[in-house]
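Order of the sequence lines sets the chain letters (A, B, ...), proteins ahead of strands, with each chain counted from 1.
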Number of protein chains: 2
Amino acid sequence: MGLAKTEMFTDQQNEIALFAKVFGHPARVAILQQLFKIDGCYCGDLVNEIGLAQPTISQHLKELKQLGLIKGNVEGTSVCYCINRENWIKMKQVMLQFLDQDISENDCC
Amino acid sequence: MGLAKTEMFTDQQNEIALFAKVFGHPARVAILQQLFKIDGCYCGDLVNEIGLAQPTISQHLKELKQLGLIKGNVEGTSVCYCINRENWIKMKQVMLQFLDQDISENDCC
DNA sequence: TTATTTAATTGCAATATTACGATTAATATT
DNA sequence: AATATTAATCGTAATATTGCAATTAAATAA
């Protein structure tokens, strides 16, 4: 079916999966790292930096924006993208809660 | 093409994306949370707990195992799964490095 | 007004993912 | 040996993702 049965899972599990999914492509990882590095990149800069076609980058930017992880500011014909710091921190808390689960010592296997 | 152009990205970016991708489905998040909670689950337990069909759970377990995040121990006709703690810690370091990037104060947008 | 620039959108081909029924493999039980 | 139990594998349908050429939209510059 190619479709996750989200109704069987908790909101928290679905939220974790949604954030993780958007990080599940190296182009989006690269875009975010570049935005952390430069802090305000035009779409064209990202196209040059990353080397995928402009529509492809634009599509990845859209997904990041939909999840609220980046903001886009229109400046004339350009659009300046940057990290949405507030939401990044919120996302980080959700992900850390998942990654930082207590690891007990007793190894079962 | 449905295929990520991994050769354009750094090993680190591809590694982050690979880990994130496996967390990008709520069933795999749920499996991992259950393994942290119970610490040694049989495949059948996970099928009952999560409510997807046995082949589906088996497939998700395979992906988690391929990435080294879980171990499976054969006990008769059953297989007991648990977290691979060593690799979980390694994965966490990679992901934290990505999530914990310095957030400067100056907001560009 | 007519280019020009920049980025979003559309449409599509190739590939990947998700889910599960049916089957198989391996072990345990009778 | 025959049966039962458990989980992996196979095959397949439905859907999602990735990438880009072509086009469009919107703003600026000439």
Polar side chain donor-acceptor pair, A:Gln101 to B:Gln33, under 3.5 angstrom: no
Neighbour count >12 (heavy atoms, 6.0 Å) for atom CD, A:Glu86: no
Between the protein and nucleotides 24-30 of chain D, list every N/O to N/O distance that falls short of 3.5 Å.
none

pair A:Leu32-A:Ile70: side-chain heavy atoms closer than 4.5 Å: yes
Any A:Ser58 side-chain nitrogen or oxygen under 4.0 Å from OP1 or OP2 of C:dA7: no
Rounded distance [0.5 Å steps], OG in B:Ser58 versus CG in B:Leu52: 12.0 Å
Protein-to-nucleotide contact annotation, 5' to 3' order, nucleotides 14-25 of chain C [B base; S sugar-phosphate only; - none; under 4.0 Å, heavy atom]: BBSBBBBBB---
Heavy-atom side-chain contact between B:Leu69 and B:Ile83 under 4.5 Å: no
G-U wobble or Watson-Crick pairing nucleotide for D:dA26 (cut-off 3.5 Å, both distances): C:dT5
Under 4.0 angstrom between A:Tyr81 side-chain N/O and C:dA8 OP1 or OP2: yes
Side-chain heavy atoms of B:Leu96 within contact of A:Leu96, under 4.5 Å: yes
Heavy-atom pair of closest approach, residues A:Leu35 and A:Cys41: CD2-CB, 3.6 Å
A:Trp88/A:Phe36 aromatic ring centres below 6.0 Å: yes
